[in-house]
Structures are given as C-alpha cells and as structure tokens.
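Note sheet for the following structure.
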Amino acid sequence: DFSHDQLITPEQLDRIQEIVNEQVMANKLVDTQLLPLEEAKKLGAMALFGEKYGKEVRVVKIGDRSLELCGGTHANRSGDIGPFSIISESGVSAGVRRIEAVSGTEAVKRTLFKDSSLKSISQMLSVSPERIPERLEKLLQKNKELEAQLCTVNQSLNLSKGGDLVESAEVLSDGTKLIVSNLDSVSPKELRELADDLRNRLGSGCIALASVSDGKAIFLTAVTKNLTDKHHAGKLIKEMAAVAGSKGGGREDLAQAGGGDPAKVDEALAKFREILS
C-alpha cells in the first residue's frame, strides 16, 4: 500500500515492475541491524502507517534503493527473491493505492501461463503473437459493423411486424383498439421502437408487447395520447408483469418491466386483455 491520489497507468505499472526486477537482478546485499526507533527515523527508514513500533527496531537496507523498518524475515541478497510479477493494482481508500504481486516460482508460473495463453490466442487468430492487437482491433471493428447491420435488419423486420400487428388489432366492446403480442427474441430497445411505430399507426388504442431476452421475460405497455386519461401504461405494466414475477413501471403513455418468468409471458398478456376488458 502506498499514498497516491491517481490511478496508476499500465505504463507506470510496467515501469514499477521493471525497476523492481532491476534491483532483484542486481543481487544486492540485504543488511539488517537493530537500532533505537528515533535513530532509525533519522536515517530516513520508511515506517509503514498503521504499524506499531517498539523502542528498538529492525532496520532493513537493500542497496541504496530500500531502507525501512521491518520485523519479518528476509532473503540474504535481493537476487534470492527471484523474478517479480505484478498481479493487480487498485484503490483501497482515499489517496491510497495497493499493488499485489508474486515473486520467485509463482512469478515464473504466471509468466509461463501468460505465454501459453498468448500462444493459444495466436493460433486461434492465425497470426504471430506480435500481431494479435492489430488482428483483434480489426475483428472488433468488423463485429461493430455487423452489429450495426443487424440492428438495421431488425428495425426493418420490426416495421414489417408493425404493419401486420395493426391490421390484426383487436377491438373491444367500447371501441378501444388493442394490440397484444408475444414477439420472439426482441430486445428492450427494439420493443420501444416498435411500440412508438405502433402508436403512430394505430392512432388510438392500447398496446402490450412481450419477449424473452437473455432467458428473462420483458414486457412493454403503451397507450396513445388520447387515452391516457382513461388508461395508464405504468399502472398496466405493474399489474400485468406481476403475473410473471416481473417488476417495472413508467409513464402514463409508455412503461416497461423485466426479469420475469418466460413460461408465464402468455399468462401475463392475457391479464392485460382482462384488465382492459
């Protein structure tokens, strides 16, 4: 742990690791001596905050780079420590950062594991280890482009669905138009876009849409502006989605709920019809 008020950059971590390994490989003598606490402090020995020291302290000196108070056992020379590898860096409290690392055999194991992983990735991508970042960047860009294309296709499909749903809208005894549909693999964002399109096409009416995303049921209710004094989408969604164990809410004209049981989607949609009927 050490005092520092900023995140440590990857470049700084690499430099820290480099400096420590330089000192290890220098194989400097570890000198220890017992001194009165005040005398040790005058030498400039580093005392760890939170530690309690007696009148006499153990001063550990490694070359000209490390001088501190420590009661633990130590190697005779810095080279005995072996290679040093940083595992993580994090913040533990305001203004205090923490570096965790391994040394010796564990550092060797970590290096071998990383080398093995790099070789596996290199083989999967069919490039040399040096070209992995370049290859990944291209794949990520390609993936981004494909996602954008898929989004465009889904929007077109949903618009097509919208026309079919409006044509097959139910009409209640009081004349209210009703669209109730369980859609396959439609995301929450796509449900909202479809609901907006349906309200524009429908002109006047109430809508309940449902789908299953990531193994969870999601619901949406929408009410055209001219009916919000009679029906509240937020209240409708709470009562309907509760059937499937979903929770949600929203405005008087648009509301969403999620996290429910996929097996109860149709039952929840039936509840929506029941409420409005």
Side-chain angles (χ1 to χ4, degrees), residues 1-140:
D1 292 358
F2 56 99
S3 298
H4 195 68
D5 58 1
Q6 298 178 39
L7 289 173
I8 309 299
T9 66
E11 293 76 19
Q12 288 172 325
L13 282 177
D14 287 343
R15 182 58 185 144
I16 290 168
Q17 190 164 270
E18 184 181 347
I19 290 171
V20 173
N21 279 302
E22 284 173 356
Q23 296 303 307
V24 168
M25 290 187 290
N27 201 28
K28 295 180 178 178
L29 181 69
V30 177
D31 177 58
T32 62
Q33 55 182 317
L34 293 175
L35 294 173
L37 179 58
E38 292 306 316
E39 186 177 337
K41 287 182 177 180
K42 287 178 183 178
L43 288 175
M46 184 178 73
L48 300 178
F49 49 85
E51 293 287 340
K52 293 183 179 180
Y53 299 98
K55 291 182 179 180
E56 193 173 60
V57 293
R58 184 170 182 265
V59 181
V60 179
K61 184 176 186 292
I62 306 176
D64 58 358
R65 296 299 295 267
S66 178
L67 179 66
E68 59 185 280
L69 309 183
C70 185
T73 55
H74 284 270
N76 293 319
R77 305 191 73 91
S78 64
D80 297 344
I81 296 168
F84 168 87
S85 177
I86 293 175
I87 296 175
S88 66
E89 185 277 335
S90 61
V92 291
S93 62
V96 178
R97 309 297 300 179
R98 171 174 294 170
I99 283 179
E100 295 186 34
V102 291
S103 65
T105 304
E106 289 304 316
V108 173
K109 288 180 181 178
R110 179 175 169 80
T111 300
L112 291 174
F113 175 76
K114 289 167 73 175
D115 283 347
S116 177
S117 298
L118 200 61
K119 287 176 183 176
S120 296
I121 296 170
S122 175
Q123 290 173 355
M124 284 189 283
L125 297 177
S126 300
V127 295
S128 64
E130 295 78 15
R131 294 189 59 200
I132 287 175
E134 176 190 346
R135 179 64 172 154
L136 281 176
E137 187 175 356
K138 287 182 179 179
L139 286 173
L140 289 172

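The first residue of the sequence shown is numbered 1, and numbering continues consecutively from there. Predicted model, so just to flag it, every value in this text is computed and none were measured.
The closest donor-acceptor contact from the side chain of Ser117 to the backbone of Phe113 lies under 3.5 Å. Arg77 places a side-chain N or O within donor-acceptor distance of the main-chain N or O of Asn27, the cut-off being under 3.5 Å. Judged purely by atom type and a 3.5 angstrom limit, Lys114 has no side-chain atom pairing as donor or acceptor with the backbone of Ser116.
To the nearest 0.5 Å, the span separating NZ on Lys61 from CD on Glu68 amounts to 12.5 Å. Note that the OG atom of Ser88 and the CD1 atom of Ile8 stand 12.0 Å from one another [nearest 0.5 Å]. Annotation: the span from Glu22 atom CD to Glu18 atom CD amounts to 5.0 Å, rounded to 0.5 Å. A distance of 12.5 Å separates CG in Leu13 from CD1 in Ile87, rounded to the nearest 0.5 Å. To the nearest 0.5 angstrom, Asp80 atom CG is 11.0 Å from Ser103 atom OG.
Between Lys109 and Glu106 there is a side-chain heavy-atom pair separated by less than 4.5 Å. Between Arg110 and Val102, the closest side-chain pair of non-hydrogen atoms falls below 4.5 Å. The shortest side-chain heavy-atom distance between Asp14 and Glu11 does not fall under the 4.5 Å cut-off.
Of all the heavy atoms in Ala107 and Pro83, the pair that sits closest is CB-O, 3.2 Å. Among all heavy-atom pairs drawn from Leu7 and Gln12, the shortest one is O-OE1, 4.0 Å. For Gly82 against Val24, the heavy-atom pair with the smallest separation is O-CG1, 3.3 Å. Annotation for Arg65 and Ile19: closest pair NH2-CG2, 3.6 Å, computed over non-hydrogen atoms. Here the closest non-hydrogen pair linking Phe84 and Gln17 is O-CG, 3.6 Å.
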Could you go through residues 29-46 and list every donor-acceptor pair under 3.5 Å that involves a side-chain atom there, pairing it with any protein atom two or more places apart or in another chain?
none

Could you give the side-chain donor-acceptor pairs of residues 129-139 under 3.5 Å, partners two or more places apart or in another chain?
unit_1, atom_1, unit_2, atom_2, d
Glu130, OE1, Ser128, OG, 3.3

